[in-house]
*Asks:* 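What follows is a structure written as structure tokens; I'll ask about it next.
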2 protein chains.
Amino acid sequence: MNKREFKDKVYTELAKVAKAMANPVRLEIIDLLAQGPFSVEQIAHYTGQSVANASQHLQTLKNAKLVQVTRNGNFINYSLAGENVFNAWIGLRELGFAYNAEVEKVIHDFRNGHNSDMNAVDAETLAEMIENDEVVLLDVRPEDEYNRGHIHKAISTPIDKLETYLKKLSKRKMLVAYCRGPFCVYADEAVAMLKDKGYNAVRLNEGFPEWALLNGYPVDSKFS
Amino acid sequence: MNKREFKDKVYTELAKVAKAMANPVRLEIIDLLAQGPFSVEQIAHYTGQSVANASQHLQTLKNAKLVQVTRNGNFINYSLAGENVFNAWIGLRELGFAYNAEVEKVIHDFRNGHNSDMNAVDAETLAEMIENDEVVLLDVRPEDEYNRGHIHKAISTPIDKLETYLKKLSKRKMLVAYCRGPFCVYADEAVAMLKDKGYNAVRLNEGFPEWALLNGYPVDSKFS
DNA sequence: TAACTATTCAATAATTCTATTGAATAGTTA
DNA sequence: TAACTATTCAATAGAATTATTGAATAGTTA
């Protein structure tokens with residue numbers, strides 16, 4: 001094997017990994033699987049795809065070793081192959097944020113539409129607020145995602161049942177809602193609704209996996 | 001804009017960035033540009049592409065905002081758009097290393113062919129060796145890359161002129177060669193040649209940009 | 001074993017990507 | 001201004017990718 005053949009092989013192999021990430025549906029799947037394992041049907045549902053199409057994309061991700069498979073009864077569950085997959089996804093996401101004005105613009109426009117653009121708090125600030133007991137932290141993801149792991153001291157208030165929790169929340173305390181990540185809109189919806197009802201609410205600008213894996217802040221988890 | 005439209009737009013924009021990286025030639029270009037700016041002709045030469053083809057790939061990278069352009073006389077120089085591009089590339093590379101056995105195998109096989117598989121040292125170890133003055137550090141990249149920036153205390157011994165430097169090197173000291181990165185083979189060639197002539201030589205398992213940007217170890221640079 | 005269920009496969013047409021070739025362009029030097 | 005040079009553009013054919021549809025499969029439950 002000469003120099004050129006060697007380089008061709010190495011970069012071709014790495015390009016295969018990049019190709020597996022080079023599709024919007026698959027990126028959304030990766031972002032979703034950062035929460036934990038999901039069945040094909042769940043993945044199809046959350047990403048708005050047909051089951052066959054979701055399955056096809058999952059095969060692509062599996063072949064590139066980005067996801068792994070476990071069986072649970074009738075269901076096949078997919079999850080990220082490891083922390084490096086999340087890291088690569090974050091690297092890509094940060095790159096998109098930094099140099100592609102289009103990405104920021106879309107987010108900005110969307111949040112403006114929800115009157116929540118200025119209502120985001122970063123992880124560091126939130127950590128301080130928790131420390132000082134200044135905040136009630138709301139995990140607005142579906143309950144089973146909360147059960148797998150959540151930010152320490154957060155309470156589960158899934159977005160579609162949030163209204164039933166309202167009476168337990170104080171209008172004097174600051175409420176911080178978080179969900180799956182910066183592109184997850186449950187938190188935006190929660191903030192919009194809470195403010196509408198007269199509560200003090202902001203969202204965390206990222207989500208659970210960033211809190212846990214990037215920042216290493218405390219979590220409550222089944223596994224710890 | 002509803003939820004689904006918002007997500008589609010965000011993930012589609014990020015997929016564009018991933019698509020720009022999803023090609024072996026473009027990954028090799030990114031890896032090369034991590035050394036600093038190069039002209040189209042140089043890029044074509046180092047990657048073994050036609051000028052027209054290299055230019056086309058550079059347009060793709062430019063449209064995705066991964067590279068930027070400066071003009072210098074008759075030449076147009078391309079360089080990475082920023083540190084986030086390097087970070088994303090490293091994220092991808094580490095992912096390939098970790099889960100894609102094929103990548104490791106190719107590297108292993110190639111280095112075995114050069115009898116140098118076991119002759120690599122990592123950055124931390126090298127930093128200690130430098131500290132203790134146990135080592136002579138050889139930058140075997142082309143001289144102009146050395147001039148742009150190199151590891152502190154390294155001397156320039158470009159691979160194609162390495163033989164002329166031999167008489168100045170001691171057989172009693174350990175020699176460590178480095179080049180552009182883990183896939184750069186100049187360092188392997190240097191180690192093979194040096195050992196053949198009876199010197200003690202190993203390569204650094206990564207290259208200059210990793211040393212400088214990832215590990216933050218000391219460098220000598222035009223700009224610092 | 002039979003029925004059932006979640007998932008995968010296969011075929012297809014539309015779209016996108018890629019390397020090659022040779023011509024066109026923009027900027028520099030004389 | 002004219003000649004020159006580095007780079008880009010345009011056209012093309014072959015290859016790869018994608019969503020859709022409906023059928024096939026493997027594993028589970030009764």
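Note on naming: letters A, B, ... go to the chains in the order of the sequence lines (proteins, then strands), and numbering restarts at 1 for each one. What you see is a predicted model; the values in this text were computed from it and never measured.
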*Asks:* So, is B:Asn23 close to the C:dT18 phosphate, meaning a side-chain N or O under 4.0 Å from OP1 or OP2?
*Replies:* yes
*Asks:* Any idea which of D:dT7, C:dT28, C:dT7 is nearest the B:Ser39 side chain?
*Replies:* D:dT7
*Asks:* Partner lookup for D:dT21, please. Criteria are Watson-Crick or G-U wobble with both distances under 3.5 angstrom; report none if nothing qualifies.
*Replies:* C:dA10
*Asks:* Between D:dA13 atom C1' and B:Asn53 atom CG, what is the distance in whole Å?
*Replies:* 15 Å
*Asks:* Checking contacts here: which listed nucleotide (D:dA10, D:dT21, D:dT8) is nearest the side-chain heavy atoms of B:Ile76?
*Replies:* D:dT8
*Asks:* Grab the CZ-P distance between A:Phe75 and C:dA6 for me, whole Å please.
*Replies:* 5 Å
*Asks:* Heavy-atom nearest nucleotide on DNA chain C for B:Arg26 versus A:Ser55: which residue maps closer to 5'?
*Replies:* A:Ser55
*Asks:* Does A:Gln59 have a side-chain nitrogen or oxygen under 4.0 Å from the phosphate oxygens OP1 or OP2 of C:dC9?
*Replies:* yes
*Asks:* Can you tell me the distance, in whole Å, between the CD atom of A:Gln42 and the P atom of C:dA6?
*Replies:* 11 Å
*Asks:* Once you apply the 3.5 Å cut-off to both distances, tell me the Watson-Crick or G-U wobble partner of C:dA26, or none.
*Replies:* D:dT5
*Asks:* Rounding to an integer number of Å, can you tell me how far A:Phe38 CZ sits from C:dT7 P?
*Replies:* 13 Å
*Asks:* Under a 3.5 Å cut-off for both distances, is C:dT16 Watson-Crick or wobble paired, and to whom?
*Replies:* D:dA15
*Asks:* On the nucleotide D:dT8, are OP1 or OP2 found under 4.0 Å from the side-chain N or O atoms that B:Tyr78 carries?
*Replies:* yes
*Asks:* Given C:dG27, D:dT7, D:dC9, identify the nucleotide with an atom nearest to the side chain of B:Arg71.
*Replies:* C:dG27
*Asks:* In terms of the nearest nucleotide of DNA chain C, which residue is placed more toward the 5' end: A:Lys19 or A:Asn77?
*Replies:* A:Asn77
*Asks:* Please determine if a side-chain N or O atom of B:His57 lies less than 4.0 Å away from the OP1 or OP2 oxygen of C:dA19.
*Replies:* yes
